[in-house]
Amino acid sequence: MPVTLTTKRCFALVDCNNFYASCERLFRPDLKQKPLVVLSNNDGCIIARCALAKQLSIPMGAPFHQMKALLKQHQVAVFSSNYALYGDLSNRVMQTLEQLAPKVEIYSIDEAFLELSGLDFCQNLTDFGQQVRSTIYQQLGLPVCVGIAPSKTLAKLANYAAKKYPQFEGVLDLTEPHKRLHILARTPVQEVWGVGRKLAERLQAMNIDTALQLARACPQQIRKKFSVVLARTVNELNGIACLTLDEVQEPKQQIISSRSFGQRVKAKAEMQQAITLYISRAAEKLRAQHSLARQLSVFIRSSRFEQKSRFFGDQASLELESPSNDSRVLQQAAMQLLDRIWRDGPAYAKAGVVLSDLCAVQGLQNSLFTPPPSERSQRLMATIDQLNQKHRGSVFIARQGRDGNWQMQQQFLSPAYTTRWDQLPEVC
DNA sequence: TCTGGGGTCCTAGGACCC
DNA sequence: TCTGGGGTCCTAGGACCC
């Protein structure tokens, strides 16, 4: 077997195929030969499709209600999204990857970059990619594809091609420049990481339609006409690594909790319940990353799709006297904000809260000017988090109430197979 | 009836100062 | 009274990602 000494930068992108759909299918072997889709929160849109469903031309992001007839006609299995399940399986995929490569950056719930630079693998890179694929499939039953290249942007593109063209068998190594031309020339510019719909339109107006044409553009001109970001993309497409592997997950700078309602909200008391729930969720996330928030916003809005009535939306923010992660403090502040923006009349479709201007609990403990949150508050919150971790929703602020009509619709929710003992799959 | 949620980064423009 | 330019900081909004 040839030995590849990678002295240059080398990245692999591992991406799970149709992740949510694959997760659902894992526990339903009876659906192996059947098309399957997963819906967004509130069963609003289709956000994941298995290969068979894709063949039926069910578009990504299509509103569920518009697709119902087609789904029924082809007997497509439908699932509400089950983030407890996907999150748990994602963790297992990442743990497996960490055993296979020394440096791993968890990029999203279903993707990770591996850095292979400077490693003298006793195998070529395609074989390494196949090993990743087979290990994850054997251990977890989830299919993945692997793209390998000297920059992250090219690794993304290699992954895209590994998925698209069956002859690569799920792994594509683009470290050799001459292998790239062919692929870049066949990849539409919109498939390049960092090029969305708007940029693609502007690029196409300049006769840049493919990834290869973008790679051959002048970075300085792109910088001038577009942005530093796109200029960096041009360099990355030429194999010049501008992005590095970020192994450590930085704490979030902003935490959002928002949701569309299962049914329109008209009463203020219901809105108060919803906002209280969202605040609790956001505060939980805040504490999980050991942060405090200085700023808080609340927003409410009616539906943009409503024909009969005019759209209404408003938001308000405030700065806390001292940074906090205490659900009670944040909840009170949120209620004040809601009082400011609430209007009787509109049928509200969505609301949310945003925590921002975050800082670390640690840093504040040594500050002379801002008092740190009290021991008592920290201990109480830690206890609540522990209880809720064991049993979701066991402790909550009374204002939140139980079972409002506004709560999320999840008509097709699968059991929490992997995270709840009472919902373990049964083998008959 | 029914159209997701949660993030990041960059830029443009205004306010303000020297 | 008239004139100028450069710098910083902040915010809102846009574009992108999954």
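In the text below, chain A, chain B and the rest are named by the order of the sequence lines, each starting its count at 1. Quick caveat: nothing in here was measured; it's all calculated off a predicted structure. The figures here come from the full heavy-atom set of this structure, side chains too, leaving out hydrogens, waters and symmetry mates.
- Rounding to whole angstrom units, CG of residue A:L230 and C1' of B:dT11 are separated by 14 Å.
- As judged by a 4.0 angstrom heavy-atom cut-off over every strand, A:V38 is placed among residues making no nucleic acid contact.
- Taking the C1' atom of each, B:dC16 and C:dG4 are spaced 16 Å apart, rounded to whole Å.
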- Note on the structure: Counting primed atoms, P, OP1 and OP2 as sugar-phosphate and everything else as base, the B/S/- map of nucleotides 2-9 of chain B against protein heavy atoms under 4.0 Å is BBBSSSBS

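- Base pairing analysis places B:dC18 opposite C:dG5; the two distances defining the Watson-Crick or G-U wobble pair are each below 3.5 Å.
- Annotation: cation-pi geometry satisfied between A:K152 and A:F113 (NZ/CZ under 6.0 angstrom from ring centroid, within 45° of ring axis).
- Residues A:F311 and A:F305 place their aromatic rings such that the two centres sit no closer than 6.0 Å.
- The line from CG of A:L214 to CD of A:Q190 is 12.5 Å long, rounded to the nearest 0.5 Å.
- For A:Y107 and C:dC17, the OH to P distance is 8 Å, given to the nearest whole Å.
- Looking only at atom types and distance, the side chain of A:Y348 has no donor-acceptor partner in the side chain of A:E270 under 3.5 Å away.
- Among the atoms of the strands shown, only primed sugar atoms or phosphate atoms (P, OP1, OP2) are found under 4.0 Å from some heavy atom of A:L199.
- To the nearest angstrom, P of C:dC16 lies 13 Å from CG of A:L214.
- Taking a cutoff of 4.0 Å between a charged side-chain nitrogen and a carboxylate oxygen, A:D339 and A:K268 qualify as a salt bridge.
- A:V234 and A:A217 make their closest contact through CG1-O, 3.6 Å (heavy atoms, listed as atom of the first residue, atom of the second, distance).
- The separation between A:Q307 atom CD and B:dT1 atom C1' is 14 Å, rounded to whole Å.
- Atom-to-atom, CZ of A:R202 to P of C:dG14 comes out at 14 Å; the value is rounded to the nearest Å.
- Residue contacts shown for A:R301 are absent, as no nucleic acid heavy atom lies under 4.0 Å away.
- There is no side-chain donor-acceptor pair under 3.5 Å between A:Q263 and A:W406.
- Rounding to whole angstrom units, CD of residue A:E191 and P of C:dC16 are separated by 13 Å.
- In this structure, A:L13 atom CG and C:dC17 atom P are separated by 14 Å, rounded to whole Å.
- We find that NZ of A:K152 is positioned 14 Å from C1' of C:dC18, with the value rounded to whole Å.
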